[in-house]
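What follows is a short report on a single structure.
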Amino acid sequence: MSKLLEGKTALILGVANKWSLAYAIAQAFRREGADLILTYQGERQEQSVKQLAADLSVTRVVPCDVSQDAEVDRLAEMLRSEGDPIDAIVHSIAFANREDLSRPFVQTSREGYLLAQNVSSYSLVAVSRAIAPLMSKGGSILTLSYLGAVRVLPNYNVMGVAKAALESAVRYLAYDLGPSNIRVNAISAGPVKTASARGIADFNTILNHVAARSPLRRNTDPAEVADAAVFLASDLGRGVTGNVLYVDSGFQIMGL
Ligand code: NAP
């Protein structure tokens with residue numbers, strides 16, 4: 001059987017370590033034959049991300065802090081100079097101040113609110129605007145969301161509001177980029193223990209609740225998120241845009 005992403009080039013933003021959802025997606029994309037370009041935020045992560053890239057036989061690893069327009073533009077310029085069209089973007093990035101993920105939401109500062117929106121939501125718009133012109137054959141843009149966008153999860157707070165904006169941005173971007181045959185979707189993943197998730201107070205309570213109450217009675221495996229990402233990036237997903245696909249053991253359907 002031919003591989004689902006053979007001949008495609010994907011830009012993946014948000015690999016920090018081997019627990020990152022972006023790393024699971026990178027592994028699945030490689031398995032399906034995609035060429036990859038990985039980004040990392042800053043010098044602190046450079047060596048570890050380069051090592052993970054080497055494990056996947058990926059040689060293109062570039063810095064990009066998505067809160068800096070100049071860095072997003074530099075990434076686009078570098079990709080343009082290489083001349084390869086980009087077929088898929090995976091935006092797997094979020095950040096909020098730790099104190100905003102533990103105290104009551106009503107205490108969120110203006111600065112903390114804007115920081116979460118900037119890194120976790122606006123960055124999808126910035127990256128899409130910069131890279132879409134390189135998606136000359138059309139393609140797929142994917143971001144990662146969470147149930148906290150549409151329901152209240154204690155302590156998710158400002159990140160839930162950022163994810164709500166992110167999911168709305170997915171719909172507006174899908175409308176704008178549809179005529180270029182670029183599809184824009186989100187995967188709303190069930191909770192997974194990653195570095196980012198550790199910043200959310202009482203995260204284990206959420207994990208235990210999902211494992212006990214979701215229809216599949218277990219937590220989400222990052223490989224399940226990654227396989228859904230393959231579907232959306234591949235031609236199998238060609239009719240799907242503006243969607244939020246839940247890969248969460250079915251937890252989002254539950255009322256109790
Ligand atoms: P992760 O491994 O910590 O990934 C988050 C990534 O965002 C890291 O690579 C981090 O880089 C990067 N990042 C933060 N600020 C950045 C910036 N200014 N510029 C560039 N990169 C930046 O955690 P994860 O759980 O895999 O998160 C990936 C995505 O999945 C996030 O959008 C998250 O909200 C979403 N998600 C996670 C879960 C879950 O339960 N884990 C569930 C649903 C959705 P540094 O490490 O260098 O800061």
Side-chain angles (χ1 to χ4, degrees), residues 11-27 38-50 52-53 61-72 74-75 89-98 101 114-124 126-127 130 142-151 153 155-167 169-170 186-200 202-211 219-226 228-229 244-249 251-252:
L11 170 67
I12 299 187
L13 304 102
V15 174
N17 52 51
K18 65 181 178 185
W19 296 281
S20 297
L21 293 179
Y23 185 61
I25 293 170
Q27 287 178 303
L38 303 184
T39 72
Y40 59 92
Q41 184 185 181
E43 273 174 24
R44 195 172 46 90
Q45 302 289 6
E46 182 174 357
Q47 283 320 315
S48 56
V49 177
K50 282 190 169 159
L52 290 171
V61 184
V62 287
C64 183
D65 177 341
V66 294
S67 66
Q68 306 297 319
D69 283 336
E71 294 208 16
V72 175
R74 196 167 60 208
L75 171 67
I89 303 172
V90 176
H91 169 279
S92 185
I93 285 176
F95 186 76
N97 285 330
R98 210 180 173 93
L101 301 172
L114 294 177
L115 173 70
Q117 289 282 341
N118 186 16
V119 176
S120 317
S121 173
Y122 179 73
S123 63
L124 179 70
V127 168
L142 173 68
T143 188
L144 274 297
S145 191
Y146 181 53
L147 186 62
V150 291
R151 308 268 175 83
L153 279 297
N155 298 320
Y156 201 61
N157 298 354
V158 72
M159 190 54 75
V161 178
K163 292 299 190 191
L166 179 73
E167 292 186 5
V170 162
I187 290 177
S188 184
V192 175
K193 239 183 204 171
T194 62
S196 290
R198 283 200 183 99
I200 301 160
D202 293 332
F203 186 72
N204 279 340
T205 306
I206 298 179
L207 281 174
N208 294 338
H209 190 79
V210 171
N219 278 121
T220 299
D221 179 347
E224 297 167 344
V225 175
V244 179
L245 174 62
Y246 284 83
V247 181
D248 68 339
S249 302
F251 184 73
Q252 60 98 18

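Order of listing sets the numbers, starting from 1, for every ligand and every atom in it.
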Margin query: Main chain of V150, side chain of K163: is a donor-acceptor contact present, judged purely on distance under 3.5 Å?
Written below: no
Next item on the list: Measure across K193 and W19 and return the closest heavy-atom pair with its distance rounded to 0.1 Å.
Entry: O-CB, 4.2 Å
Item checked: Heavy-atom closest pair, residues D248 and S188 -> CB-O, 4.3 Å
Next item on the list: Show your working on side chain to side chain contact (heavy atoms under 4.5 Å, CB included) between V62 and L75 and close with a plain yes or no.
Entry: CA-CA 8 Å; V62 287; L75 171 67; 3.4 Å; yes
Item checked: Check: T194 side chain, S20 main-chain N or O, donor-acceptor pair, under 3.5 Å -> no
Margin query: Holding to side-chain contact (heavy atoms from CB on, under 4.5 Å), I want the full list of residues that pass it with A211, two or more places apart in sequence or in another chain.
Written below: N219
Write 'none' if nothing qualifies; otherwise put on separate lines each N/O atom of ligand 1 with a protein N/O atom under 3.5 Å away and their distance to 0.1 Å.
{"unit_1": "ligand 1", "atom_1": "2 (O)", "unit_2": "S20", "atom_2": "OG", "d": "2.6"}
{"unit_1": "ligand 1", "atom_1": "3 (O)", "unit_2": "S196", "atom_2": "N", "d": "3.2"}
{"unit_1": "ligand 1", "atom_1": "3 (O)", "unit_2": "S196", "atom_2": "OG", "d": "2.6"}
{"unit_1": "ligand 1", "atom_1": "9 (O)", "unit_2": "G14", "atom_2": "O", "d": "3.0"}
{"unit_1": "ligand 1", "atom_1": "18 (N)", "unit_2": "Q41", "atom_2": "OE1", "d": "3.4"}
{"unit_1": "ligand 1", "atom_1": "18 (N)", "unit_2": "D65", "atom_2": "OD1", "d": "2.8"}
{"unit_1": "ligand 1", "atom_1": "19 (N)", "unit_2": "V66", "atom_2": "N", "d": "2.9"}
{"unit_1": "ligand 1", "atom_1": "23 (O)", "unit_2": "T194", "atom_2": "OG1", "d": "3.3"}
{"unit_1": "ligand 1", "atom_1": "23 (O)", "unit_2": "S196", "atom_2": "OG", "d": "3.1"}
{"unit_1": "ligand 1", "atom_1": "25 (O)", "unit_2": "T194", "atom_2": "OG1", "d": "2.5"}
{"unit_1": "ligand 1", "atom_1": "26 (O)", "unit_2": "L21", "atom_2": "N", "d": "2.8"}
{"unit_1": "ligand 1", "atom_1": "32 (O)", "unit_2": "I93", "atom_2": "O", "d": "3.2"}
{"unit_1": "ligand 1", "atom_1": "32 (O)", "unit_2": "K163", "atom_2": "NZ", "d": "2.8"}
{"unit_1": "ligand 1", "atom_1": "34 (O)", "unit_2": "K163", "atom_2": "NZ", "d": "2.8"}
{"unit_1": "ligand 1", "atom_1": "40 (O)", "unit_2": "V192", "atom_2": "N", "d": "2.7"}
{"unit_1": "ligand 1", "atom_1": "40 (O)", "unit_2": "V192", "atom_2": "O", "d": "3.2"}
{"unit_1": "ligand 1", "atom_1": "41 (N)", "unit_2": "V192", "atom_2": "O", "d": "2.9"}
{"unit_1": "ligand 1", "atom_1": "41 (N)", "unit_2": "T194", "atom_2": "OG1", "d": "3.2"}
{"unit_1": "ligand 1", "atom_1": "46 (O)", "unit_2": "Q45", "atom_2": "NE2", "d": "3.1"}
{"unit_1": "ligand 1", "atom_1": "47 (O)", "unit_2": "Q41", "atom_2": "NE2", "d": "3.2"}
{"unit_1": "ligand 1", "atom_1": "47 (O)", "unit_2": "Q45", "atom_2": "NE2", "d": "3.3"}
{"unit_1": "ligand 1", "atom_1": "48 (O)", "unit_2": "Q41", "atom_2": "NE2", "d": "2.7"}

